[in-house]
Number of protein chains: 2
Amino acid sequence: MDKSKFDVLRLENQLCFPLYACAKEVVRKYRPFLDELDLTYTQYIVMMVLWEDKSCSVKGLGKRLFLDSGTLTPVLKSLEKKGFVNRARSKKDERVLEVEITSKGEALKAEAVSVPERLAGCINLEPEEAAELYRLLYKALGVVKE
Amino acid sequence: MDKSKFDVLRLENQLCFPLYACAKEVVRKYRPFLDELDLTYTQYIVMMVLWEDKSCSVKGLGKRLFLDSGTLTPVLKSLEKKGFVNRARSKKDERVLEVEITSKGEALKAEAVSVPERLAGCINLEPEEAAELYRLLYKALGVVKE
DNA sequence: TCAAATTAGATTGTGTTCAATTTAATTATA
DNA sequence: TATAATTAAATTGAACACAATCTAATTTGA
(Lines give C-alpha, C1' and ligand atoms only; values in the text may rest on other atoms or scores of the structure.)
Protein backbone atom coordinates (compact mmCIF):
# COMPACT_ATOMS: atom_id res chain seq x y z
CA MET A 1 0.00 0.00 0.00
CA ASP A 2 1.70 3.08 -1.32
CA LYS A 3 -1.12 5.57 -1.11
CA SER A 4 -0.32 9.24 -0.86
CA LYS A 5 -2.26 12.48 -0.99
CA PHE A 6 -0.78 12.90 -4.48
CA ASP A 7 -2.68 9.92 -5.87
CA VAL A 8 -5.47 12.27 -6.97
CA LEU A 9 -3.00 13.78 -9.43
CA ARG A 10 -2.32 10.50 -11.21
CA LEU A 11 -3.59 10.58 -14.77
CA GLU A 12 -5.37 7.26 -14.29
CA ASN A 13 -7.32 8.65 -11.34
CA GLN A 14 -8.73 11.52 -13.39
CA LEU A 15 -12.19 11.40 -14.91
CA CYS A 16 -11.51 14.45 -17.03
CA PHE A 17 -8.60 12.99 -18.94
CA PRO A 18 -10.41 10.07 -20.65
CA LEU A 19 -13.22 12.51 -21.41
CA TYR A 20 -10.80 14.88 -23.10
CA ALA A 21 -8.93 12.12 -24.91
CA CYS A 22 -12.06 10.25 -26.00
CA ALA A 23 -13.70 13.36 -27.42
CA LYS A 24 -10.60 14.12 -29.45
CA GLU A 25 -10.29 10.56 -30.73
CA VAL A 26 -13.93 10.40 -31.76
CA VAL A 27 -13.71 13.72 -33.63
CA ARG A 28 -10.60 12.33 -35.33
CA LYS A 29 -12.56 9.25 -36.40
CA TYR A 30 -15.12 11.48 -38.09
CA ARG A 31 -12.49 13.06 -40.32
CA PRO A 32 -12.40 10.52 -43.20
CA PHE A 33 -16.21 10.46 -43.39
CA LEU A 34 -16.56 14.24 -43.18
CA ASP A 35 -13.79 14.78 -45.72
CA GLU A 36 -16.12 13.18 -48.26
CA LEU A 37 -18.63 15.95 -47.50
CA ASP A 38 -15.98 18.70 -47.42
CA LEU A 39 -16.93 19.44 -43.79
CA THR A 40 -14.93 19.72 -40.59
CA TYR A 41 -16.50 18.41 -37.39
CA THR A 42 -17.46 21.91 -36.25
CA GLN A 43 -19.01 22.65 -39.63
CA TYR A 44 -20.84 19.31 -39.44
CA ILE A 45 -22.55 20.05 -36.12
CA VAL A 46 -23.60 23.48 -37.41
CA MET A 47 -25.12 21.77 -40.45
CA MET A 48 -26.92 19.30 -38.16
CA VAL A 49 -28.72 22.19 -36.48
CA LEU A 50 -29.62 23.69 -39.86
CA TRP A 51 -30.74 20.37 -41.34
CA GLU A 52 -33.21 20.33 -38.49
CA ASP A 53 -34.23 23.99 -38.28
CA LYS A 54 -33.44 25.55 -41.70
CA SER A 55 -32.39 28.82 -40.09
CA CYS A 56 -30.92 30.00 -36.81
CA SER A 57 -29.17 33.05 -35.35
CA VAL A 58 -25.49 32.90 -34.43
CA LYS A 59 -26.56 33.29 -30.81
CA GLY A 60 -28.95 30.36 -31.12
CA LEU A 61 -26.32 28.17 -32.75
CA GLY A 62 -23.91 29.07 -29.97
CA LYS A 63 -26.35 28.12 -27.24
CA ARG A 64 -27.20 24.84 -28.94
CA LEU A 65 -23.59 23.90 -29.70
CA PHE A 66 -21.81 25.37 -26.64
CA LEU A 67 -19.75 27.63 -28.91
CA ASP A 68 -19.26 31.40 -28.96
CA SER A 69 -19.14 33.89 -31.83
CA GLY A 70 -15.35 33.79 -31.89
CA THR A 71 -15.57 30.19 -33.00
CA LEU A 72 -18.75 30.38 -35.04
CA THR A 73 -18.02 33.46 -37.14
CA PRO A 74 -15.16 31.89 -39.14
CA VAL A 75 -16.96 28.54 -39.35
CA LEU A 76 -20.08 30.21 -40.77
CA LYS A 77 -18.06 32.28 -43.23
CA SER A 78 -16.42 29.10 -44.44
CA LEU A 79 -19.80 27.34 -44.83
CA GLU A 80 -21.07 30.37 -46.72
CA LYS A 81 -18.07 30.28 -49.06
CA LYS A 82 -18.83 26.62 -49.82
CA GLY A 83 -22.42 27.59 -50.60
CA PHE A 84 -24.05 25.55 -47.81
CA VAL A 85 -25.50 28.54 -45.90
CA ASN A 86 -26.45 32.18 -46.33
CA ARG A 87 -25.78 34.85 -43.70
CA ALA A 88 -28.00 37.92 -43.41
CA ARG A 89 -28.86 40.44 -40.72
CA SER A 90 -32.33 40.11 -39.27
CA LYS A 91 -34.83 42.74 -40.47
CA LYS A 92 -36.43 42.83 -37.03
CA ASP A 93 -33.17 43.32 -35.12
CA GLU A 94 -30.10 44.37 -37.02
CA ARG A 95 -27.81 43.02 -34.31
CA VAL A 96 -28.89 39.48 -35.09
CA LEU A 97 -27.27 37.52 -37.89
CA GLU A 98 -29.54 34.85 -39.31
CA VAL A 99 -27.88 31.81 -40.79
CA GLU A 100 -30.03 30.02 -43.33
CA ILE A 101 -29.40 26.73 -45.10
CA THR A 102 -29.21 26.81 -48.93
CA SER A 103 -30.55 24.16 -51.29
CA LYS A 104 -26.97 22.96 -51.73
CA GLY A 105 -26.78 22.64 -47.95
CA GLU A 106 -30.07 20.73 -47.93
CA ALA A 107 -28.76 18.41 -50.62
CA LEU A 108 -25.76 17.56 -48.46
CA LYS A 109 -28.09 16.01 -45.88
CA ALA A 110 -28.69 12.97 -48.09
CA GLU A 111 -24.97 12.37 -48.34
CA ALA A 112 -24.50 12.83 -44.59
CA VAL A 113 -27.14 10.34 -43.56
CA SER A 114 -24.76 7.37 -43.60
CA VAL A 115 -22.16 9.08 -41.41
CA PRO A 116 -23.64 8.35 -37.95
CA GLU A 117 -23.96 4.64 -38.59
CA ARG A 118 -20.51 4.35 -40.14
CA LEU A 119 -19.04 6.17 -37.19
CA ALA A 120 -20.91 4.06 -34.65
CA GLY A 121 -19.15 1.07 -36.18
CA CYS A 122 -15.87 2.59 -35.03
CA ILE A 123 -16.89 2.78 -31.37
CA ASN A 124 -16.62 -0.32 -29.31
CA LEU A 125 -19.65 0.05 -27.02
CA GLU A 126 -22.78 -2.04 -26.59
CA PRO A 127 -26.04 -0.18 -27.30
CA GLU A 128 -26.95 -0.07 -23.59
CA GLU A 129 -23.50 1.24 -22.76
CA ALA A 130 -23.80 3.94 -25.39
CA ALA A 131 -27.17 4.92 -23.95
CA GLU A 132 -25.75 5.11 -20.44
CA LEU A 133 -22.77 7.13 -21.63
CA TYR A 134 -25.17 9.51 -23.37
CA ARG A 135 -27.19 9.95 -20.18
CA LEU A 136 -24.13 10.56 -18.00
CA LEU A 137 -22.61 13.07 -20.41
CA TYR A 138 -25.81 15.13 -20.56
CA LYS A 139 -26.08 14.99 -16.79
CA ALA A 140 -22.48 16.17 -16.42
CA LEU A 141 -23.19 18.91 -18.96
CA GLY A 142 -25.97 20.09 -16.69
CA VAL A 143 -28.58 19.63 -19.41
CA VAL A 144 -31.75 17.97 -18.18
CA LYS A 145 -33.14 15.54 -20.77
CA GLU A 146 -36.92 14.96 -20.60
CA MET B 1 -45.04 9.42 -35.36
CA ASP B 2 -42.78 11.52 -37.55
CA LYS B 3 -39.78 9.26 -37.87
CA SER B 4 -37.53 9.61 -40.88
CA LYS B 5 -34.22 8.18 -42.02
CA PHE B 6 -32.79 11.62 -41.19
CA ASP B 7 -33.45 11.24 -37.46
CA VAL B 8 -29.94 9.86 -37.04
CA LEU B 9 -28.67 13.32 -38.01
CA ARG B 10 -30.49 15.09 -35.19
CA LEU B 11 -28.05 16.56 -32.71
CA GLU B 12 -29.94 15.01 -29.80
CA ASN B 13 -29.55 11.54 -31.32
CA GLN B 14 -25.78 11.82 -31.46
CA LEU B 15 -23.56 10.32 -28.79
CA CYS B 16 -20.55 12.17 -30.07
CA PHE B 17 -21.94 15.64 -29.55
CA PRO B 18 -22.40 15.55 -25.75
CA LEU B 19 -18.97 13.93 -25.56
CA TYR B 20 -17.45 16.79 -27.52
CA ALA B 21 -19.38 19.47 -25.64
CA CYS B 22 -18.80 17.95 -22.20
CA ALA B 23 -15.06 17.64 -22.73
CA LYS B 24 -14.85 21.28 -23.77
CA GLU B 25 -16.95 22.46 -20.82
CA VAL B 26 -14.90 20.50 -18.30
CA VAL B 27 -11.61 21.83 -19.69
CA ARG B 28 -13.14 25.30 -19.43
CA LYS B 29 -13.98 24.68 -15.78
CA TYR B 30 -10.35 23.87 -15.06
CA ARG B 31 -9.22 27.30 -16.27
CA PRO B 32 -9.63 29.36 -13.06
CA PHE B 33 -7.92 26.67 -10.97
CA LEU B 34 -5.07 26.18 -13.45
CA ASP B 35 -4.61 29.94 -13.87
CA GLU B 36 -3.45 29.95 -10.24
CA LEU B 37 -0.68 27.53 -11.23
CA ASP B 38 0.14 29.38 -14.47
CA LEU B 39 -0.75 26.21 -16.43
CA THR B 40 -3.08 25.53 -19.35
CA TYR B 41 -4.98 22.25 -19.39
CA THR B 42 -2.56 20.69 -21.87
CA GLN B 43 0.41 21.79 -19.79
CA TYR B 44 -1.34 20.38 -16.71
CA ILE B 45 -1.74 16.88 -18.12
CA VAL B 46 1.92 16.90 -19.22
CA MET B 47 2.88 17.86 -15.65
CA MET B 48 0.69 15.05 -14.30
CA VAL B 49 2.76 12.52 -16.24
CA LEU B 50 6.00 14.09 -14.99
CA TRP B 51 4.82 14.33 -11.37
CA GLU B 52 4.42 10.57 -11.63
CA ASP B 53 7.46 9.61 -13.70
CA LYS B 54 10.01 12.47 -13.33
CA SER B 55 11.12 12.09 -16.94
CA CYS B 56 9.67 10.95 -20.24
CA SER B 57 10.38 11.18 -23.98
CA VAL B 58 8.17 13.28 -26.23
CA LYS B 59 7.08 10.05 -27.88
CA GLY B 60 6.15 8.57 -24.51
CA LEU B 61 4.19 11.65 -23.52
CA GLY B 62 2.37 11.54 -26.82
CA LYS B 63 1.37 7.92 -26.38
CA ARG B 64 0.20 8.51 -22.82
CA LEU B 65 -1.71 11.71 -23.62
CA PHE B 66 -2.99 10.93 -27.16
CA LEU B 67 -1.08 13.95 -28.52
CA ASP B 68 1.47 14.28 -31.31
CA SER B 69 4.70 16.24 -31.52
CA GLY B 70 2.98 19.09 -33.35
CA THR B 71 1.00 19.75 -30.20
CA LEU B 72 3.60 18.76 -27.63
CA THR B 73 6.64 20.64 -28.97
CA PRO B 74 5.24 24.15 -28.27
CA VAL B 75 3.69 23.02 -24.97
CA LEU B 76 7.01 21.62 -23.77
CA LYS B 77 8.91 24.72 -24.88
CA SER B 78 6.47 26.83 -22.89
CA LEU B 79 6.86 24.62 -19.79
CA GLU B 80 10.62 24.89 -20.19
CA LYS B 81 10.43 28.67 -20.39
CA LYS B 82 8.47 28.70 -17.13
CA GLY B 83 11.17 26.56 -15.53
CA PHE B 84 8.96 23.52 -14.84
CA VAL B 85 10.83 21.10 -17.13
CA ASN B 86 14.16 20.61 -18.90
CA ARG B 87 14.47 19.28 -22.45
CA ALA B 88 17.56 17.39 -23.57
CA ARG B 89 18.42 14.89 -26.30
CA SER B 90 19.01 11.36 -25.08
CA LYS B 91 22.67 10.27 -24.98
CA LYS B 92 21.72 6.77 -26.08
CA ASP B 93 19.62 7.88 -29.07
CA GLU B 94 19.98 11.41 -30.33
CA ARG B 95 16.59 11.28 -32.01
CA VAL B 96 14.88 11.08 -28.63
CA LEU B 97 14.13 14.21 -26.61
CA GLU B 98 13.91 13.54 -22.90
CA VAL B 99 11.68 15.84 -20.89
CA GLU B 100 12.63 15.99 -17.22
CA ILE B 101 10.82 17.72 -14.37
CA THR B 102 12.76 20.42 -12.46
CA SER B 103 12.62 21.08 -8.72
CA LYS B 104 10.36 24.04 -9.49
CA GLY B 105 8.11 21.65 -11.39
CA GLU B 106 8.15 19.25 -8.44
CA ALA B 107 7.22 22.09 -6.10
CA LEU B 108 4.16 22.87 -8.20
CA LYS B 109 2.74 19.45 -7.33
CA ALA B 110 1.90 20.56 -3.79
CA GLU B 111 -0.08 23.48 -5.16
CA ALA B 112 -1.87 21.31 -7.70
CA VAL B 113 -3.05 18.70 -5.23
CA SER B 114 -6.27 20.58 -4.42
CA VAL B 115 -7.30 20.98 -8.05
CA PRO B 116 -8.94 17.58 -8.68
CA GLU B 117 -11.20 17.85 -5.64
CA ARG B 118 -12.16 21.45 -6.38
CA LEU B 119 -12.98 20.50 -9.94
CA ALA B 120 -15.00 17.46 -8.90
CA GLY B 121 -17.19 19.87 -6.95
CA CYS B 122 -18.13 21.50 -10.27
CA ILE B 123 -19.40 18.26 -11.84
CA ASN B 124 -22.86 17.14 -10.97
CA LEU B 125 -22.40 13.35 -10.88
CA GLU B 126 -22.75 10.81 -8.09
CA PRO B 127 -19.55 8.87 -7.31
CA GLU B 128 -20.96 5.67 -8.88
CA GLU B 129 -21.97 7.61 -11.98
CA ALA B 130 -18.50 9.12 -12.26
CA ALA B 131 -17.01 5.62 -11.96
CA GLU B 132 -19.31 4.28 -14.67
CA LEU B 133 -18.55 7.24 -16.94
CA TYR B 134 -14.84 6.59 -16.40
CA ARG B 135 -15.25 2.93 -17.36
CA LEU B 136 -17.28 3.67 -20.48
CA LEU B 137 -14.87 6.36 -21.69
CA TYR B 138 -11.88 4.07 -21.36
CA LYS B 139 -13.78 1.30 -23.12
CA ALA B 140 -14.70 3.67 -25.96
CA LEU B 141 -11.07 4.81 -26.11
CA GLY B 142 -10.13 1.20 -26.68
CA VAL B 143 -7.90 1.12 -23.62
CA VAL B 144 -8.32 -2.01 -21.55
CA LYS B 145 -8.17 -1.21 -17.83
CA GLU B 146 -7.01 -4.08 -15.58
C1' DT C 1 29.03 -2.69 -45.37
C1' DC C 2 26.18 0.76 -46.93
C1' DA C 3 22.03 2.23 -49.16
C1' DA C 4 17.09 1.90 -47.98
C1' DA C 5 13.72 1.98 -44.57
C1' DT C 6 12.29 3.42 -40.23
C1' DT C 7 11.94 6.38 -36.34
C1' DA C 8 11.72 10.77 -33.34
C1' DG C 9 10.93 15.48 -33.26
C1' DA C 10 10.27 19.88 -35.38
C1' DT C 11 7.94 22.71 -38.64
C1' DT C 12 4.13 24.37 -41.45
C1' DG C 13 -0.56 25.21 -42.51
C1' DT C 14 -5.47 24.95 -41.52
C1' DG C 15 -8.97 25.08 -38.31
C1' DT C 16 -10.72 25.45 -34.02
C1' DT C 17 -11.62 27.37 -29.02
C1' DC C 18 -12.17 30.87 -25.83
C1' DA C 19 -11.33 35.25 -23.18
C1' DA C 20 -11.36 39.99 -23.83
C1' DT C 21 -12.35 43.89 -26.47
C1' DT C 22 -14.83 46.54 -29.98
C1' DT C 23 -18.76 48.14 -32.67
C1' DA C 24 -23.36 48.72 -33.71
C1' DA C 25 -28.15 48.19 -32.50
C1' DT C 26 -31.72 47.94 -29.15
C1' DT C 27 -33.85 48.50 -24.68
C1' DA C 28 -34.37 50.63 -20.15
C1' DT C 29 -34.54 54.43 -17.25
C1' DA C 30 -33.72 58.88 -15.07
C1' DT D 1 -36.44 61.73 -24.71
C1' DA D 2 -31.64 61.61 -24.16
C1' DT D 3 -28.48 58.84 -21.86
C1' DA D 4 -27.10 54.55 -19.86
C1' DA D 5 -27.15 49.74 -19.92
C1' DT D 6 -27.59 45.69 -22.45
C1' DT D 7 -27.21 42.69 -26.31
C1' DA D 8 -25.36 40.39 -30.72
C1' DA D 9 -21.52 39.69 -33.67
C1' DA D 10 -17.04 40.48 -35.08
C1' DT D 11 -12.26 40.96 -34.05
C1' DT D 12 -7.96 40.03 -31.71
C1' DG D 13 -4.65 37.28 -29.37
C1' DA D 14 -3.01 33.09 -27.21
C1' DA D 15 -3.06 28.19 -27.13
C1' DC D 16 -4.20 24.04 -28.84
C1' DA D 17 -4.86 19.89 -32.36
C1' DC D 18 -3.63 17.35 -36.15
C1' DA D 19 -2.24 16.13 -41.01
C1' DA D 20 1.56 16.52 -43.90
C1' DT D 21 6.22 17.40 -44.61
C1' DC D 22 11.06 17.81 -43.35
C1' DT D 23 15.48 16.69 -41.06
C1' DA D 24 18.52 13.99 -38.61
C1' DA D 25 19.62 9.69 -36.34
C1' DT D 26 19.30 4.84 -36.14
C1' DT D 27 18.26 0.28 -37.76
C1' DT D 28 17.69 -3.21 -41.54
C1' DG D 29 18.88 -6.18 -44.89
C1' DA D 30 20.63 -7.02 -49.61
Side-chain angles (χ1 to χ4, degrees), chain A residues 16-17 19-35 37-47 56-82 85 87-99, chain B residues 17 20-35 37-47 56-82 85 87-99:
Chain A
C16 181
F17 174 68
L19 181 60
Y20 158 86
C22 192
K24 277 193 310 115
E25 288 305 298
V26 171
V27 168
R28 215 170 50 73
K29 284 180 186 180
Y30 268 102
R31 196 176 308 264
F33 303 126
L34 295 183
D35 278 351
L37 307 181
D38 190 24
L39 292 178
T40 64
Y41 182 73
T42 316
Q43 291 166 9
Y44 173 64
I45 60 177
V46 168
M47 291 307 295
C56 188
S57 67
V58 173
K59 176 82 172 176
L61 283 169
K63 202 160 245 169
R64 197 89 175 265
L65 300 175
F66 296 82
L67 294 172
D68 74 0
S69 69
T71 302
L72 284 172
T73 296
V75 167
L76 294 171
K77 284 181 176 174
S78 162
L79 285 174
E80 185 176 48
K81 204 151 97 181
K82 295 180 197 182
V85 309
R87 297 158 70 244
R89 291 283 163 181
S90 162
K91 292 284 189 319
K92 274 175 282 189
D93 186 339
E94 288 281 343
R95 291 171 305 181
V96 172
L97 190 90
E98 286 289 343
V99 182
Chain B
F17 174 69
Y20 157 87
C22 192
K24 275 192 315 113
E25 288 304 297
V26 171
V27 168
R28 216 170 50 74
K29 285 181 184 177
Y30 267 101
R31 197 177 306 264
F33 303 126
L34 296 182
D35 279 351
L37 307 181
D38 190 23
L39 292 178
T40 64
Y41 182 72
T42 316
Q43 291 166 9
Y44 173 64
I45 61 178
V46 168
M47 291 307 295
C56 189
S57 68
V58 173
K59 176 83 173 177
L61 284 169
K63 202 161 245 169
R64 197 87 175 267
L65 300 176
F66 295 82
L67 294 172
D68 73 1
S69 69
T71 303
L72 283 171
T73 296
V75 167
L76 294 170
K77 284 180 176 174
S78 162
L79 285 173
E80 185 176 48
K81 205 150 97 180
K82 295 180 198 183
V85 309
R87 297 158 70 243
R89 291 282 163 183
S90 161
K91 292 286 190 317
K92 274 175 282 191
D93 186 338
E94 288 282 343
R95 289 172 306 181
V96 172
L97 190 89
E98 286 289 343
V99 182

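Lettering of chains follows the sequences in order, A, B, ..., and the numbering in each one begins at 1.
For dA17(D), neither phosphate oxygen OP1 nor OP2 lies less than 4.0 angstrom from any side-chain nitrogen or oxygen of Y41(A). At the phosphate of dG15(C), neither OP1 nor OP2 sits under 4.0 Å from any side-chain N or O atom of S78(A). Taking side-chain N and O atoms only, Y20(B) has a distance below 4.0 Å to OP1 or OP2 of dT17(C). Under 4.0 angstrom from either OP1 or OP2 of dA10(C) there lies no side-chain N or O belonging to K59(B). Taking only side-chain nitrogens and oxygens, K77(A) comes nearer than 4.0 Å to OP1 or OP2 of dT11(D).
Between the side chain of S69(B) and the base of dA10(C), at least one donor-acceptor pair of N or O atoms lies under 3.5 Å.
Relative orientation of the F66(B) and F17(A) rings is tilted, given thresholds of 30° and 60° on the angle between their planes.
Which of dA10(D), dG9(C), dC18(D) sits closest to the side chain of T71(B) comes down to dC18(D). For T42(A), counting side-chain heavy atoms from C-beta on, the closest listed nucleotide (dA19(D), dT17(C), dC18(C)) is dT17(C). In this structure, the nucleotide among dA10(D), dG9(C), dT27(D) sitting nearest to the side chain of S57(B) is dG9(C). Taking every side-chain heavy atom of R87(A) into account, dA10(D) is the closest of dA19(D), dT17(C), dA10(D). The side chain of T73(A) lies closest to dA9(D), out of dT7(D), dA9(D), dT26(D). The side chain of R95(B) lies closest to dT7(C), out of dC18(C), dT7(C), dG15(C).
Judged by closest nucleotide on DNA chain C, P74(A) is the one of E94(A) and P74(A) placed further toward the 5' end. Residues L97(A) and R28(A) each lie close to DNA chain D; by heavy-atom proximity, the contact nearer the 5' end of the strand is made by L97(A). Between K24(A) and V58(A), the residue whose closest nucleotide on DNA chain D is further toward the 5' end is V58(A).
Rounded to whole Å, the distance from OH on Y30(A) to C1' on dC18(D) is 18 Å. When rounded to the nearest whole Å, the span between NZ of K91(B) and C1' of dT26(D) equals 18 Å. Between L72(B) atom CG and dC18(D) atom P the separation is 10 Å, expressed in whole Å. Atom CG of L76(A) is separated from atom C1' of dA10(D) by 12 Å (rounded to the nearest Å). Atom CZ of R89(A) is separated from atom C1' of dA25(C) by 9 Å (rounded to the nearest Å). For the pair D35(B) CG and dA14(D) P, the computed distance is 15 Å after rounding to whole Å. In this structure, F66(B) places its CZ atom 14 Å from P of dA19(D), rounding to the nearest Å. What separates CG of L39(B) from P of dA15(D) is a distance of 12 Å, to the nearest Å.
Between L79(A) and V99(A), every side-chain heavy-atom pair lies at or beyond the 4.5 Å cut-off.
Counting any heavy atom pair closer than 4.0 Å across all strands shown, V75(B) reaches sugar-phosphate atoms only and no base atom. L67(A) comes within 4.0 angstrom of the backbone, heavy atoms only, and of no base. Within 4.0 Å (heavy atoms only), D68(B) reaches at least one base atom of the nucleic acid.
Between K77(A) and E80(A), no side-chain nitrogen of the basic residue sits less than 4.0 Å from a carboxylate oxygen of the acidic one, so the salt-bridge criterion is not met.
For the atom pair NZ (K24(B)) and OG1 (T71(A)), the distance works out to 7.0 Å, reported to the nearest 0.5 Å. To the nearest 0.5 Å, the span separating CD on E98(A) from NZ on K92(A) amounts to 7.5 Å.
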For this session: Take L67(B) and V75(B) through the side chain to side chain contact (heavy atoms under 4.5 Å, CB included) test and state the conclusion after the steps.
Result: CA-CA 11 Å; L67(B) 294 172; V75(B) 167; over 6 Å; no
